[in-house]
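Contents: one structure, followed by commentary.
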Amino acid sequence: MEKVVETLCTPITHECDVLVVGGGVAGIAAALAAARQDTKVILLEKQFMLGGLATAGLVTIYLPLCDGKGHQVSFGIAEELLRLSIKYGYEDRYPTAWLENGSMEERAKKRFEVRYNAQLFAIAAEQLLLKEGVTILYGTSACSVAMASDKISAVIVENKSGRTAIKTKSVVDATGDADICVMAGEKTALFGPGNILAAWHYYETGNGYDLSMLGYAEVPQEDRTEETKPLISRRFQGVDGQELSEMMQLSHKRVLEEIVKKQQENPAYMPVTIATIPQIRMTRRIVGGYTMETSDDRKEFEDSIGMIGNWKKRGPVYEVPFHALYGSRVKNLITAGRSISASDAMWDVTRVIPVCAVTGEAAGVAAAMTDDFESLSVAKLQKKLADNGLKLFYHEL
Ligand SMILES: Cc1cc2nc3c(=O)[nH]c(=O)nc-3n(C[C@H](O)[C@H](O)[C@H](O)COP(=O)(O)OP(=O)(O)OC[C@H]3O[C@@H](n4cnc5c(N)ncnc54)[C@H](O)[C@@H]3O)c2cc1C
């Protein structure tokens, strides 16, 4: 490939203790948790709203905080954000049994999940982070890192002011795609099978609006028909600019086809909102000290930082080991959200909103405590998480 040489001298415009890159659910949780440890936190978000896939991507179902058998398994900021998402109104699936003192029997029947309004969640999250003293830089993309030995000393960003640097003690990679890990030379892995096309959108029928979940996580073999073929005929990896642009264009085309089809039955059928970021699920992840597996159900980890359920199945409970969040090469870099270390099969469990919040909270607290994750006292981290109201081990349920 032909190359050009740039000579750059980048001014440092900001300094902080914890730099969180990416303002999706993982980044929101990380920034919130770090700020509550009395550290100076900057959150970078390349869009002009918070929430990532959970707002701009129109994924508005806060999947369960419970195990499907009536026990809550995810606590702390994961629960706080679920409640915040519906503070000003919900859209669907209100978890009455969980929020209004339902019995164990009722809780076992209905999972602790909710469908919220994306706009209200984004604004409420912004208000909360500002109240906690987080500096939010919107329209700001992290595009490179400056290294000092095996640590990131500054993150290079681009926004309306041009190209500048932010000095930081530690970095939380909440980009969803492990982008900072790649920039810093941390070990990463790609999602093997690739993603199917999604075209989730909101529509109006003349009788109110609703969410169309066009393009489910995977199309099971038995449902593969002529109609579902276009959804699975091409797979997307999600780490190439050109490929993502094509994916977005195909997704738009799919929405239009759907609208035209539905208008034949009901002329009032109109799109209300389409996603403004690519709806891609599993792309690239860190290769952590431990890679989570679906067989880890009820496995005990000494360094557990919280528990998660399985949105697809009732029963499984997983402890999340701290060393699934960081690698061995870059000492002051940790990841949270859909880029933690999980096998291809387990990724479908770990990528969802409550898990992003659980891992975000742990990453944020840890980043406030150290600039060398490997040598952090896990017992001290666990004490702080427990003080925040989290249950860390299966035996505590
Ligand atoms: C079609 C689809 C359906 C889904 N359905 C559900 C569901 O029903 N329920 C559920 O719980 N989960 C669902 N998920 C998964 C879930 O929505 C996401 O995995 C989760 O929201 C990811 O959160 P995150 O914070 O890790 O990443 P993201 O939401 O991807 O956030 C990353 C943020 O980082 C920003 N960013 C990236 N790079 C940079 C950079 N270099 N500089 C600055 N900012 C940057 C992005 O703009 C983005 O805002 C679904 C996902 C998809 C795609």
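For the pair R234/L250, a side-chain contact is recorded, criterion being any heavy-atom separation below 4.5 Å from C-beta on. The closest side-chain heavy-atom distance from V21 to E45 is not below 4.5 Å. Proximity of Y318 to E293: side-chain heavy atoms (C-beta onward) are nowhere separated by under 4.5 Å. Contact check for D210 versus Y202: no side-chain heavy atoms found under the 4.5 Å cut-off. Considering only heavy atoms from C-beta on, Q119 stays 4.5 Å or farther from T55 through its side chain. A heavy-atom distance below 4.5 Å is not found between the side chains of I353 and L81. Side-chain contact between M346 and D296: absent, with no pair of heavy atoms (C-beta onward) separated by less than 4.5 Å. Contact annotation: the side chain of E15 never approaches that of I166 to less than 4.5 Å [non-hydrogen atoms, C-beta and beyond].
Using a cutoff of 4.0 Å between basic side-chain nitrogens and carboxylate oxygens, E79 and R83 are scored as salt-bridged. We find that D177 and R338 are joined by a salt bridge, their nearest charged nitrogen and carboxylate oxygen being less than 4.0 Å apart. Taking a cutoff of 4.0 Å between a charged side-chain nitrogen and a carboxylate oxygen, D17 and K169 qualify as a salt bridge. Ion pair K253/E257 flagged as a salt bridge, since at least one NZ, NE, NH1 or NH2 atom sits closer than 4.0 Å to an Asp/Glu carboxylate oxygen. For K312 and D348, the salt-bridge test passes: some basic side-chain N is under 4.0 Å from an acidic carboxylate O. We find that R36 and E80 are joined by a salt bridge, their nearest charged nitrogen and carboxylate oxygen being less than 4.0 Å apart. Under 4.0 Å is where a charged nitrogen must lie from a carboxylate oxygen, and between K391 and E396 no such pair does.
Linking ILVMFWY residues whenever their side-chain heavy atoms come closer than 4.5 Å, directly or via other members, places I180 and M147 in the same cluster. Each of I12 and L137 belongs to its own hydrophobic cluster when Ile, Leu, Val, Met, Phe, Trp and Tyr are linked at side-chain heavy-atom distances under 4.5 angstrom. Hydrophobic clustering, with ILVMFWY side chains joined whenever heavy atoms are under 4.5 angstrom apart, groups L44 together with V145. Hydrophobic clustering places F322 together with I308 (ILVMFWY residues linked when any side-chain heavy atoms are closer than 4.5 Å, directly or through intermediates).
Between the side chain of H201 and the backbone N or O of A199, at least one donor-acceptor pair lies under 3.5 Å. Of the possible donor and acceptor atoms, none in the side chain of N159 sits under 3.5 Å from a partner among the backbone N and O of G139. E186 places a side-chain N or O within donor-acceptor distance of the main-chain N or O of R329, the cut-off being under 3.5 Å. For S74 (side chain) and M307 (main-chain N/O), a donor-acceptor pair under 3.5 Å exists by modelled atom type. The closest donor-acceptor contact from the side chain of S251 to the backbone of M247 lies at 3.5 Å or more, if one exists at all. T135 places no side-chain N or O within donor-acceptor distance of the main-chain N or O of I42, the cut-off being under 3.5 Å. Judged purely by atom type and a 3.5 angstrom limit, E132 has no side-chain atom pairing as donor or acceptor with the backbone of V134. N195 contributes no side-chain N or O that, together with a main-chain N or O of L197, makes up a donor-acceptor pair within less than 3.5 Å. Looking at R314, its side chain does come within 3.5 Å of a backbone N or O of G68 through a donor-acceptor pair. Here the side chain of T140 pairs a donor or acceptor atom with the backbone of Y138 at under 3.5 angstrom.
Relative ring orientation between Y116 and F121 is described as perpendicular, the plane-to-plane angle rising above 60° on a 0-90° scale split at 30° and 60°. Ring planes of Y94 and Y90: tilted class, angle from 30 to 60°. Below 30°, between 30° and 60°, or above 60°: for Y290 and F301 the angle between ring planes is above 60°, a perpendicular geometry.
Between Y269 and Y203, a ring centre-to-centre spacing shorter than 6.0 Å is recorded.
Of the inter-residue distances, the one linking E158 atom CD with S144 atom OG reads 9.5 Å to the nearest 0.5 angstrom. Interatomic distance, CZ of R107 versus SG of C66, reported as 9.5 Å (0.5 Å rounding). Between the CE atom in M369 and the OG1 atom in T39 there is a gap of 11.5 Å [rounded to 0.5 Å].
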- Message: What verdict does the salt bridge (charged side-chain N to carboxylate O under 4.0 Å, His left out) test give for E106 and K110, after you've listed the backbone C-alpha separation in whole Å, the side-chain angles of each residue and the deciding distance to 0.1 Å?
- Response: CA-CA 6 Å; E106 287 164 329; K110 275 218 149 188; over 6 Å; no

- Step by step, work out the side chain to side chain donor-acceptor pair (under 3.5 Å) result for S170 and N332. CA-CA 5 Å; S170 58; N332 64 343; over 6 Å; no

- Please test D173 against T175 for side chain to side chain donor-acceptor pair (under 3.5 Å), starting from the C-alpha separation and ending with a verdict. CA-CA 6 Å; D173 182 346; T175 60; 2.7 Å; yes

- Test side chain to side chain donor-acceptor pair (under 3.5 Å) on Y394 and S304 and set out the steps. CA-CA 10 Å; Y394 183 68; S304 173; over 6 Å; no

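Partners of E300 by salt bridge (Lys or Arg N to Asp or Glu O under 4.0 Å), not counting sequence neighbours: none found. When the ring pair (Phe, Tyr, Trp, His ring centres under 6.0 Å) test is applied to F75, no partner is found at least two apart in sequence or on another chain. In this view, D371 and K151 satisfy the salt bridge (Lys or Arg N to Asp or Glu O under 4.0 Å) rule, not counting sequence neighbours.
Shown here for A366 and L376, the closest heavy-atom pair between the two residues is CB-CD2, 3.8 Å. Taking each heavy atom of I280 and Q237 in turn, the nearest pair found is CD1-C, 4.0 Å. In terms of heavy atoms, N388 sits closest to V365 at ND2-CG2, 4.0 Å. Residues T291 and S343 share a closest heavy-atom pair of CG2-N, 3.4 Å. Smallest separation of non-hydrogen atoms from R111 and W98: C-NE1, 3.5 Å. When all heavy atoms of I305 and L390 are compared, the closest pair comes out as O-CD2, 3.7 Å.
None of V20, T335, V18, V155 except one satisfies the side-chain contact (heavy atoms from CB on, under 4.5 Å) rule with V171; the exception is V155. A side-chain contact (heavy atoms from CB on, under 4.5 Å) with R281 holds for exactly one of V352, L53, I196; it is I196.
The local environment of CG in D387 is crowded, with over 12 non-hydrogen atoms from other residues, nucleotides or ligands closer than 6.0 Å.
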